[in-house]
S.K.: 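Mind looking over this structure? Questions follow.
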Amino acid sequence: PINELEIVTVETIVVHGNIKNVKDIVTINGTPTLVDVDGDFKNEITLTPGINTLTVRATRFLGRKTEKLFQVIYNPTDIEIGTTTNTTRR
């Protein structure tokens with residue numbers, strides 16, 4: 001299940017968080033992310049217009065995984081998201 005949904009107008013976002021065990025391996029969309037001594041991590045993600053699904057995964061050294069899914073809708077300011085209908089009749 002998706003944990004959060006966010007709508008943004010910028011192409012690049014920073015995904016950040018904190019884990020309790022600094023020995024865990026953190027990936028964001030499969031890309032390894034550095035974890036500092038306090039358990040903090042962050043990584044810049046470049047979005048494509050529309051819906052982007054982000055997977056943040058922490059893997060323990062014995063292989064147990066915890067993951068969260070987020071969806072970010074990138075809506076550049078010069079593009080409208082929605083539908084239009086033509087109600088003109090002849």
Side-chain angles (χ1 to χ4, degrees):
I2 302 297
N3 297 98
E4 289 187 35
L5 176 66
E6 182 86 24
I7 299 173
V8 299
T9 58
V10 294
E11 184 178 21
T12 303
I13 62 169
V14 175
V15 176
H16 60 89
N18 180 275
I19 58 173
K20 293 178 183 176
N21 188 342
V22 298
K23 294 180 182 180
D24 290 354
I25 297 170
V26 175
T27 61
I28 300 173
N29 284 357
T31 301
T33 303
L34 292 176
V35 177
D36 69 18
V37 296
D38 296 320
D40 295 322
F41 63 89
K42 67 179 178 178
N43 201 354
E44 281 191 2
I45 303 293
T46 301
L47 304 171
T48 57
I51 298 175
N52 295 262
T53 300
L54 306 176
T55 303
V56 178
R57 179 178 294 142
T59 305
R60 305 292 308 257
F61 75 99
L62 292 176
R64 182 174 165 213
K65 297 176 183 171
T66 301
E67 93 178 9
K68 289 194 174 187
L69 300 175
F70 303 88
Q71 284 191 324
V72 178
I73 298 174
Y74 170 39
N75 181 21
T77 55
D78 59 343
I79 298 175
E80 281 189 36
I81 293 179
T83 60
T84 58
T85 56
N86 185 348
T87 58
T88 306
R89 295 184 182 192
R90 294 182 184 204

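All of these numbers come straight from a predicted model, not from anything done at the bench.
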S.K.: Is there a chain of hydrophobic side chains (I, L, V, M, F, W, Y, each step under 4.5 Å between heavy atoms) that links Leu54 to Val8?
M.R.: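 Shared cluster, yes.
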S.K.: Roughly how far apart are Thr27 OG1 and Glu67 CD, rounded to 0.5 Å?
M.R.: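 One finds 8.0 Å between OG1 of Thr27 and CD of Glu67.
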S.K.: Can you tell me how far OG1 of Thr48 sits from CD of Glu11, rounded to the nearest 0.5 angstrom?
M.R.: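 Reported value, rounded in 0.5 Å steps: 9.0 Å.
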S.K.: Which distance, rounded to the nearest 0.5 Å, do you find between the CZ of Phe61 and the CG of Asp24?
M.R.: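 Rounded to the nearest 0.5 Å, the CZ-CG separation comes out at 9.5 Å.
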S.K.: Can you tell me how far CG of Asn52 sits from CD of Gln71, rounded to the nearest 0.5 angstrom?
M.R.: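 If I round to the nearest 0.5 Å, the distance is 9.0 Å.
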S.K.: Going by the rule side chain to side chain donor-acceptor pair (under 3.5 Å), which residues pair with Thr12 if we only count those two or more places apart in sequence or in a different chain?
M.R.: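 Testing Thr12 for side chain to side chain donor-acceptor pair (under 3.5 Å), a comparison that skips the adjacent residues, returns none.
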S.K.: To the nearest 0.5 Å, what is the distance between CZ on Phe70 and CD1 on Ile13?
M.R.: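 If we round to the nearest 0.5 Å, Phe70:CZ and Ile13:CD1 are 10.0 Å apart.
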S.K.: Rounded to the nearest 0.5 Å, how far apart are CD1 of Ile19 and CG of Asp38?
M.R.: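 The distance works out to 11.5 Å.
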S.K.: Of all the heavy-atom pairs spanning Val35 and Phe41, show the shortest one and how long it is.
M.R.: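 Taking every non-hydrogen atom into account, CG2-CB, 4.2 Å.
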S.K.: Mind checking whether Val72 and Val10 sit in one hydrophobic cluster, side chains of I, L, V, M, F, W, Y counted as touching below 4.5 Å?
M.R.: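 Linked within one cluster.
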S.K.: Provide the closest heavy-atom pair for Thr33 versus Lys42 in the form atom of the first, atom of the second, distance.
M.R.: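 Looks like CG2-O, 3.5 Å.
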S.K.: Is the closest side-chain heavy-atom distance between Val37 and Val22 below 4.5 Å?
M.R.: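 The answer is no, as the side chains (C-beta and beyond) never meet within the 4.5 Å cut-off.
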S.K.: So, applying side-chain contact (heavy atoms from CB on, under 4.5 Å) with Asn29, which one of Val56, Thr53, Thr55 is it?
M.R.: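 Going through the options one by one, the only one that passes is Thr55.
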